Structure formats: structure tokens, C-alpha cells
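Structure first, then comments.
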Amino acid sequence: MTDEQHSETDLNDQMRERRLSLDEIIQQGFNPYPHKFDSTHTINEIIARLSSKTGEELQTARPHIKAAGRIHAINKMGKAAFIRFTDGRELLQIYLRSNEVDEKTWNLFKLLDLGDFIGVEGFLFRTKTGELSIHAESLTFLSKALTPPPDKYYGLHDIEIRYRQRYADLIANRSVREVFEKRSAIIRHIRSYFDARGYVEVETPMLTPLATGAAARPFKTHHNALDIDLYARIAPELYLKRLIAGGFEKVYEINRNFRNEGLSIRHNPEFTMLEWYEAYSDYEDLIRLTENLISELVEKICGATVIEYGERKIDFTRPWKRLTMREAVIHFWNKWDYLPPNIHPWETGLREMKQMLDDIYTITHDPGRCAICDAARKRQSESLAEQETPLERQRPTVDDLATREGLVEWINKLPDNLKSQISNLKSLDYGHLLGELFEQVAEPHLNDPVFITEFPVELSPLSKQSETDPRFVDRFELFIAGMEIANAFCEINDPADQRRRFEDQMKLRERGDDEAMVIDEDYLRALSYGMPPTAGEGIGIDRLVMILTNQKSIRDVILFPHMRPEKGDSGQGTGDRE
RNA sequence: GGGCCGUUAGCUCAGUCGGUAGAGCAUCUGGCUUUUAACCAGAGGGUCGCUGGUUCGAGUCCAGCACGGCUCACCA
């Protein structure tokens with residue numbers, strides 16, 4: 001144990017005190033780490049079932065209680081005391097009098113520290129201020145906290161410690177636990193939704209010889225006995241469709257995908273994906289299912305159809321909007337100068353920014369000394385004026401955006417800051433250019449749920465082409481709060497078509513696109529046995545949980561988000577390493 | 001990897017112009033038999049992230065490094 005590795009001088013005064021008090025507890029004959037405690041109720045149950053009782057009712061009934069929990073606060077008043085303890089969800093008070101418990105219990109009480117676990121036996125009553133409390137008859141020692149808990153009032157704010165030591169975060173910040181309880185409820189609801197409709201939950205390999213089924217760089221590992229390289233899967237897609245070829249008509253999987261990419265507020269290298277596939281359906285069926293499923297979740301988890309997300313509101317009122325990718329570009333053309341505060345959450349809106357700059361200007365303005373401030377202020381004023389009296393600029397039409405030449409022409413009309421985001425303009429094909437344009441012009445504005453349809457074929461190597469226009473595929477993505485939440489399409493089931501699409505991807509790979517998809521011969525063999533018409537969809541669970549629990553960062557909905565290893569630790573956490 | 005910001009007691013945070021390191025909670029001692037972030041009186045607790053530099057003197061100014069956050073790039 002690491003405890004023995006610390007000399008006494010390494011410990012701060014509080015940790016030394018706690019070790020001394022543990023020794024004293026042992027001295028007094030208590031088992032310092034007993035195996036179990038039989039409760040009559042959890043603290044949560046006591047509050048749920050008995051908090052409606054009045055003081056008089058409790059005085060008559062004197063409900064007998066045995067309950068266990070962690071000590072949150074101690075108020076000692078000479079020969080009496082209040083202890084607040086918790087089951088991690090709710091706090092409950094214990095009232096203890098030296099003349100009403102045996103000497104052993106009173107001596108134990110004097111050795112307790114915040115964070116220790118105790119069991120209490122007694123009866124329920126209300127104090128004179130009306131607070132539900134357990135009048136203790138005896139205390140049982142259950143476990144020692146050798147490290148003091150974070151501040152009981154201010155909690156634990158240090159973001160690094162919160163993520164690295166999630167246990168301390170959970171002790172200190174009750175709202176964190178609520179987020180993860182909601183996450184659990186969301187996943188439970190999703191499972192029961194699909195189970196009730198006859199989908200079979202399956203598990204497909206997470207270590208795979210090929211990393212394919214999505215556009216991403218994989219993690220690579222090695223299997224010693226077989227002496228082969230394996231990849232952590234970037235998507236379960238091709239395995240799930242093998243199952244449809246094998247005769248399952250409806251399957252779903254909820255599990256982790258791994259992508260070897262940077263970390264951000266919206267990206268964790270491992271993330272949870274729901275994917276499902278259904279035979280004889282098309283993407284219109286999936287639009288209906290998606291709207292239905294997420295509406296149910298919003299209602300169940302948030303209890304409303306308009307919810308708050310940061311400083312914005314998201315309106316889930318049905319039916320949700322639908323725009324083709326080109327329509328979205330046209331719709332948000334000219335809007336790039338101004339994103340209202342409810343579009344950019346947690347960021348200062350333009351108007352506030354101007355006010356701030358005006359204030360700074362008033363306070364510090366010294367002509368000729370504050371050039372940067374002047375310039376910034378001027379720009380903000382101009383943007384604001386433009387937003388208030390929008391110039392009716394020309395917009396592209398659907399036909400303008402139908403050819404590569406048209407796209408290049410309109411991309412060249414973008415403001416420099418957006419245009420510069422689109423690199424290698426010359427080498428990109430029609431589909432990739434349209435994707436870039438959509439991303440720059442429309443995506444940040446997609447706040448309320450909206451289905452984006454009519455994806456170009458070049459961006460969709462697994463999607464069936466549209467029956468009416470082969471430049472596009474029968475695919476949609478659902479956007480909420482500017483984030484891509486779902487991706488769905490009619491699956492290619494013609495093995496010849498799929499082979500051509502894979503080959504196009506391999507050409508991109510040869511030209512240096514290391515995220516282009518890898519050809520999967522076994523998947524093509526599966527298709528050759530015949531796969532019924534099929535539609536499939538993936539939903540990013542972490543991002544959905546972010547929206548439903550109003551969390552800014554994906555790290556706030558993942559219990560142990562990835563961090564750089566701590567100094568002096570090789571980062572394995574478990575201590576088990578090669 | 002680039003840019004911006006941050007790192008002070010166990011926790012949450014102050015720290016003015018460069019001049020002996022501060023508060024609340026927590027801890028310790030004493031008091032208090034219905035408290036509510038209990039209260040009252042007293043005490044202990046710091047390598048100011050690390051390494052250099054400037055200076056008579058650095059928590060404060062400068063440089064480098066480490067770690068973190070946000071952001072950009074990549075992506076869902």
C-alpha cells in the first residue's frame with residue numbers, strides 16, 4: 001500500500017490525525033473495517049418515504065431505523081451533537097446525546113472525522129426547527145477516511161482534480177452524481193425502447209484486424225499469440241451489417257468506439273455510440289424513429305420540450321425541421337457575421353462585447369495610445385450595425401451549388417476568415433467542397449434539432465445513391481446545438497457498388513488521406529450472400545447526454561475522461577503495466 | 001502542434017506600487033444537551049507549480065519548463 005510508503009513527515013497534520021484516530025478506534029475494540037451493515041432503509045428511502053410525516057406523527061410512531069452513510073458534517077455542542085451523513089444522494093441528520101447512548105458509542109463519536117462511514121440505529125423524529133433526524137441509540141463504525149474530503153460548502157472546483165480524481169468530485173459535488181445517474185437513465189431508456197420494438201442487442205468485436213466503417217485514424221495494438229496487429233474499432237458498422245446479411249432483421253449495439261484524434265470539449269478518444277440496423281426500412285423510417293426516440297428522452301429526462309443548454313434554449317417541438325445540405329448553406333448565407341448569444345453558449349455575445357469595449361474605451365481612452373482598442377471597437381460597431389440593418393446581399397441558389405465550379409465561385413465570396421478554413425480548395429471534389437461549405441456556413445447555426453439531408457456521394461462511401469439523383473445519397477445527419485448527434489442512411493447492399501465505393505476510398509488513401517476508408521473483403525463477401533434493403537443509424541451517446549444534462553464539455557459526461565498521465569505516474573492508474 | 005489564460009495552506013479563494021504570507025472552511029485545545037455553512041475563545045499549518053534571471057529585496061517583473069483550461073487545426 002502507498003500508505004506505508006509515506007513517512008510520517010510526508011503527511012499533513014490532518015492525515016496524521018486521521019491515522020491516530022483510526023488507531024484509537026482499534027484500541028477501543030472496534031473493527032475498523034467490518035464486512036457489512038444491515039440497514040432497514042437507505043437514507044434516500046427514509047427521505048422518500050418518511051419526509052411527509054409531521055413531528056407529532058413521528059413522536060407517536062417512533063419509527064425504528066438502521067441506516068448507513070458517510071459523514072458530511074459534525075456540529076458538536078458539549079454533551080450533544082448533530083452529525084449529517086449521506087448515501088451520496090441525500091443528506092440526513094443524526095442527533096446524539098451523551099446520556100442517551102452508551103459510553104462506547106460516545107467515545108466512538110469523539111473519534112469520527114468527516115468522510116468516515118458509520119451505521120446508526122435509532123428512531124426518527126423532527127428537531128424543533130422541523131428537520132427530519134435520527135435520534136441515535138448507537139453508532140457502528142464502518143470505515144475510515146484517511147484523506148479529508150473536499151470543502152463541504154465550496155466543494156471541489158479544480159477541474160484537473162475533478163477529472164483525475166472523480167471519486168473526490170463525486171464526494172464534493174452532488175450535481176456530478178446526478179449527471180451520471182441521468183446518463184444511466186438515458187441509456188436504460190434507449191435499451192428498453194429498442195428491446196420493446198424487437199431489436200436484438202448484440203456485441204461485435206472491439207479489437208479488429210481492420211479499422212474501417214468510418215473516416216478516422218485508429219489506435220493500433222498487437223496480439224502476441226497470433227502475432228498480428230489489431231485495431232481498436234473506429235465503428236461497429238460493418239459487423240452489424242454482416243448480421244443483417246446473416247438474417248437478423250433488427251439489431252442494435254451500445255458500446256465504445258475509439259478514434260486516435262485530438263481531445264476537445266466535444267471529443268474524447270473513446271466515446272459511446274448507439275448503432276442500429278433494420279431490414280426493409282429506409283432513412284425516412286429512421287428520421288421518424290429518431291425524432292420519436294429523442295423526443296421521448298427529452299420529455300423523460302428534462303420534463304419539457306424546450307430545454308436550456310448553456311445560455312441558449314433548444315426547442316424540441318415536433319415536427320423537427322429538415323433541410324438539404326444545399327438549402328442549409330443558402331439559408332445561413334450572410335449570417336456568419338453574427339451568431340446571437342443563444343447560438344454560442346458560454347460566450348459573450350457581440351452586444352455585450354461592444355459594451356465591454358465601450359467601457360474599456362471610456363476608462364482608458366487616450367488618443368493615440370489605444371489603437372487596438374479603437375480598431376476592435378470600430379469592428380464591433382460595424383458588425384452590430386450590419387446585423388441590425390442587414391444588407392440584402394446576394395445568396396446562392398440551389399442550382400449555383402449543384403456544380404463544382406459553382407461551389408468554388410461562392411466559396412470565393414466568403415469572408416476571409418471562413419474561406420481560409422477551407423484548405424486545398426483546388427484538390428477537393430464537389431462533395432468534399434459542399435461538405436466544407438456546409439460546415440463553415442451552416443453548421444454552427446443549427447441549434448434546434450434539424451435533419452440535414454441530401455449528402456453528396458463522395459462523403460458517403462457506405463450509403464445508397466438517391467433513386468432520383470445519383471450525385472447524392474439517401475442519408476441524413478441530425479444536428480442539435482451545433483453538434484452532429486446522429487448519422488443515418490440507406491445501406492449499400494449491392495456488393496459491386498460497395499466494391500467501387502471502397503476502391504474510390506482507397507484512391508483517396510493513396511493520395512494521402514489517411515482517414516479514407518479501408519476496403520473490407522470479408523464484408524463484401526457477406527454482402528455477396530445477399531443483404532435485404534437496410535437502413536442504419538448511429539447516435540453519439542455522450543453528446544446526447546451533454547444536451548440532456550446541460551453540460552458544456554464531453555468530459556463532464558464521461559466518468560474518467562482521458563488526461564495526460566500525472567507526473568511521476570506512468571499513467572496506467574491501475575498500477576498494472578508491462 | 002499554434003494562440004490566450006491559469007497554478008498561493010487539506011478545500012475555496014484574496015494578496016495593492018516589488019518591501020516580514022492572508023481569510024473562510026477543515027485540523028488541534030477549551031467551552032456549549034435541538035444545531036442548520038452551528039456558535040464563542042485560542043493555536044498550529046505555506047519550497048506561493050519548477051528552474052533560472054533582473055533587483056539591496058520577487059508570490060508580484062522577465063525567460064524557459066511542467067501541468068491544466070479555453071481556443072484553432074483534426075474529428076462524431
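Computed from a prediction, not measured in an experiment: that's the story for all the values here. Proteins get letters first, then strands, A, B, ... in listed order; numbering begins at 1 in each.
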Practice problem: Please list, chain by chain and in numerical order, all residues satisfying salt bridge (Lys or Arg N to Asp or Glu O under 4.0 Å) with A:Lys321, sequence neighbours excluded. | Solution: none
Quiz item: How far does the P atom of B:G64 sit from the matching atom of B:C25, given to the nearest Å?
Solution: 41 Å
When you compare the protein's N or O atoms with those of nucleotides 1-9 of chain B, which come within less than 3.5 Å of each other, and at what distance?
none

Practice problem: Nearest-nucleotide wise, let me know which of A:Gly540 and A:Thr127 is further upstream toward the 5' end of RNA chain B. | Solution: A:Thr127
Quiz item: How would you list, by chain and number, every residue that makes a side-chain contact (heavy atoms from CB on, under 4.5 Å) with A:Glu90, sequence neighbours excluded?
Solution: A:Ile43, A:Asn44, A:Ile47, A:Asp87, A:Arg174
Self-check item: P spacing across the pair B:C50 / B:G10, given as an integer number of angstrom
Solution: 13 Å
Quiz item: Can you check whether A:Arg164 has a side-chain N or O nearer than 4.0 Å to OP1 or OP2 of B:G68?
Solution: yes
Quiz prompt | Test log, rule side-chain hydrogen bond (donor to acceptor under 3.5 Å, both in side chains), inputs A:Arg18 and A:Thr147 | solution = CA-CA 8 Å; A:Arg18 282 161 184 267; A:Thr147 300; over 6 Å; no
Quiz item: Across all strands shown, which nucleotide pairs with B:A9 by Watson-Crick or G-U wobble geometry, both distances under 3.5 Å?
Solution: none
Self-check item: Sugar-phosphate, base or nothing in reach of A:Glu100, heavy atoms under 4.0 Å
Solution: nothing
Quiz item: Whole Å only: how far is the CD atom of A:Glu537 from the P atom of B:A76?
Solution: 15 Å
Quiz prompt | Expected output: side-chain A:Glu275 to main-chain A:Gly536 donor-acceptor under 3.5 Å | solution = no
Quiz item: Can you tell me if A:Ser21 uses its side chain to pair, donor with acceptor, with the backbone of A:Leu111 under 3.5 Å?
Solution: yes
Exercise. Report yes or no: do A:Glu491 and A:Ser463 form a side-chain donor-acceptor pair below 3.5 Å?
Key: no
Practice problem: Sugar-phosphate atoms are those with a prime plus P, OP1 and OP2; base atoms are the rest. Using that split, label each nucleotide of nucleotides 22-29 of chain B B, S or - for protein heavy atoms under 4.0 Å, 5' to 3'. | Solution: --BBBSS-
Quiz item: How is A:Gly155 classified with respect to the nucleic acid when contacts are heavy atoms under 4.0 Å: base, sugar-phosphate, or nothing?
Solution: sugar-phosphate
Quiz item: B:A38 phosphate, OP1 or OP2: any side-chain N/O from A:Asn75 under 4.0 angstrom?
Solution: yes
Quiz item: According to a strict under-4.0 Å criterion, is A:Arg16 in side-chain N/O contact with OP1 or OP2 of B:G45?
Solution: no
I'd like a list of close polar pairs between nucleotides 13-15 of chain B and the protein, N/O only, cut-off under 3.5 Å.
| from | atom 1 | to | atom 2 | distance (Å) |
| --- | --- | --- | --- | --- |
| B:C13 | OP1 | A:His157 | ND1 | 2.8 |

Quiz prompt | Value in whole Å for how far the C1' atom of B:U35 lies from CD1 of A:Ile134 | solution = 16 Å
Quiz item: For A:Gln59, which residues count as a side-chain contact (heavy atoms from CB on, under 4.5 Å) partner, sequence neighbours excluded?
Solution: none
Quiz prompt | Option from A:Trp320, A:Phe332, A:Phe451, A:Phe438 for which ring pair (Phe, Tyr, Trp, His ring centres under 6.0 Å) with A:Phe479 holds | solution = A:Phe438
Practice problem: Could you please name the partner base of B:U35, counting Watson-Crick and G-U wobble pairs only when both distances are under 3.5 Å? | Solution: none
Quiz prompt | For atom CD1 of A:Ile558 and atom P of B:A76, their distance in whole Å | solution = 16 Å
Quiz item: Under 30°, 30 to 60°, or over 60°: which ring-plane class applies to A:Phe123 and A:His135, parallel, tilted or perpendicular?
Solution: parallel
Practice problem: Could I get the full list of salt bridge (Lys or Arg N to Asp or Glu O under 4.0 Å) partners for A:Arg183, not counting sequence neighbours? | Solution: A:Asp542
Quiz item: Base, sugar-phosphate alone, or nothing: which one does A:Ala81 contact when heavy atoms must sit under 4.0 Å apart?
Solution: nothing
Quiz item: With rounding to whole Å, what would you report as the distance between B:A21 and B:U33 at their C1' atoms?
Solution: 41 Å
Quiz item: If we require ring centres under 5.5 Å and near-parallel planes under 30°, does A:Phe271 stack on B:A76?
Solution: yes
Self-check item: Lys/Arg N to Asp/Glu carboxylate O, A:Arg166 vs A:Asp169, below 4.0 Å
Solution: yes
Practice problem: Take atom P in B:G49 and the same atom in B:G44, then report the distance between them in whole Å. | Solution: 24 Å
Quiz item: Taking a pair as Watson-Crick or G-U wobble with both distances under 3.5 Å, which nucleotide is matched to B:A14?
Solution: none
Quiz item: Which sits closer to the 5' end of RNA chain B, A:Ala80 or A:Thr147, going by the nucleotide each is nearest to?
Solution: A:Thr147
Self-check item: Sugar-phosphate only, base, or nothing, as touched by A:Ile265 at under 4.0 Å among non-hydrogen atoms
Solution: sugar-phosphate
Exercise. Scan every strand shown for a Watson-Crick or G-U wobble partner of B:A76, both distances under 3.5 Å, and answer none if you come up empty.
Key: none
Quiz item: In chain order, what residues pass the side chain to side chain donor-acceptor pair (under 3.5 Å) check against A:Glu137, with sequence neighbours excluded?
Solution: none
Quiz item: Taking the six-membered ring of A:Phe117, is the NZ or CZ of A:Arg70 close enough (under 6.0 Å from the centre) and on axis enough (within 45°)?
Solution: no
Quiz item: How would you list, by chain and number, every residue that makes a ring pair (Phe, Tyr, Trp, His ring centres under 6.0 Å) with A:Phe82, sequence neighbours excluded?
Solution: A:Tyr95
Practice problem: Report which part of the nucleic acid A:Glu477 touches: base, sugar-phosphate, or nothing (heavy-atom distance under 4.0 Å, all strands). | Solution: nothing
Quiz item: In chain order, what residues pass the side-chain contact (heavy atoms from CB on, under 4.5 Å) check against A:Lys104, with sequence neighbours excluded?
Solution: A:Phe30, A:Asp102
Self-check item: Euclidean distance, atom CD1 of residue A:Ile161 to atom C1' of B:G10 [Å, nearest integer]
Solution: 10 Å
Self-check item: Side-chain donor/acceptor of A:Thr105 to backbone N/O of A:Val101, under 3.5 Å
Solution: no
Quiz item: Expressed in whole Å, how much space separates the C1' atoms belonging to B:U47 and B:A38?
Solution: 37 Å
Quiz item: In Watson-Crick or G-U wobble terms, both distances under 3.5 Å, what is the partner of B:A43?
Solution: B:U27
Quiz item: Whom does B:U51 pair with, Watson-Crick or G-U wobble, provided both distances fall under 3.5 Å?
Solution: B:A63
Practice problem: To the nearest Å, give me how far apart NE2 (A:His72) and C1' (B:U35) are. | Solution: 14 Å
Quiz item: Taking only residues two or more places apart in sequence, or in another chain, which ones meet A:Val457 in a side-chain contact (heavy atoms from CB on, under 4.5 Å)?
Solution: A:Gln465, A:Val473, A:Arg501
Self-check item: Euclidean distance for P, B:A14 against B:U71 (whole angstrom)
Solution: 22 Å
Exercise. Rounded to the nearest angstrom, tell me the gap between atom CE in A:Met546 and atom C1' in B:A76.
Key: 11 Å
Exercise. Report which part of the nucleic acid A:Asn268 touches: base, sugar-phosphate, or nothing (heavy-atom distance under 4.0 Å, all strands).
Key: base
Exercise. Pick the C1' atom in B:C11 and in B:A26, then give their distance to the nearest Å.
Key: 7 Å
Self-check item: Paired nucleotide for B:C70 [Watson-Crick or G-U wobble; both distances under 3.5 Å]
Solution: B:G3
Quiz item: When you compare B:U35 with B:G45, how far apart are their P atoms, in angstrom units rounded to a whole number?
Solution: 35 Å
Quiz item: Please give, in whole Å, the distance from B:C11 P to A:Ile159 CD1?
Solution: 16 Å
Report all interatomic pairs (protein N or O, nucleotide N or O of nucleotides 30-32 of chain B) with separations under 3.5 Å.
| from | atom 1 | to | atom 2 | distance (Å) |
| --- | --- | --- | --- | --- |
| B:C32 | N3 | A:Lys76 | O | 3.4 |
| B:C32 | N3 | A:Gly78 | N | 3.1 |
| B:C32 | N4 | A:Gly78 | N | 3.2 |

Practice problem: Measure the distance from CZ on A:Arg256 to P on B:A76 and round it to the nearest whole Å. | Solution: 19 Å
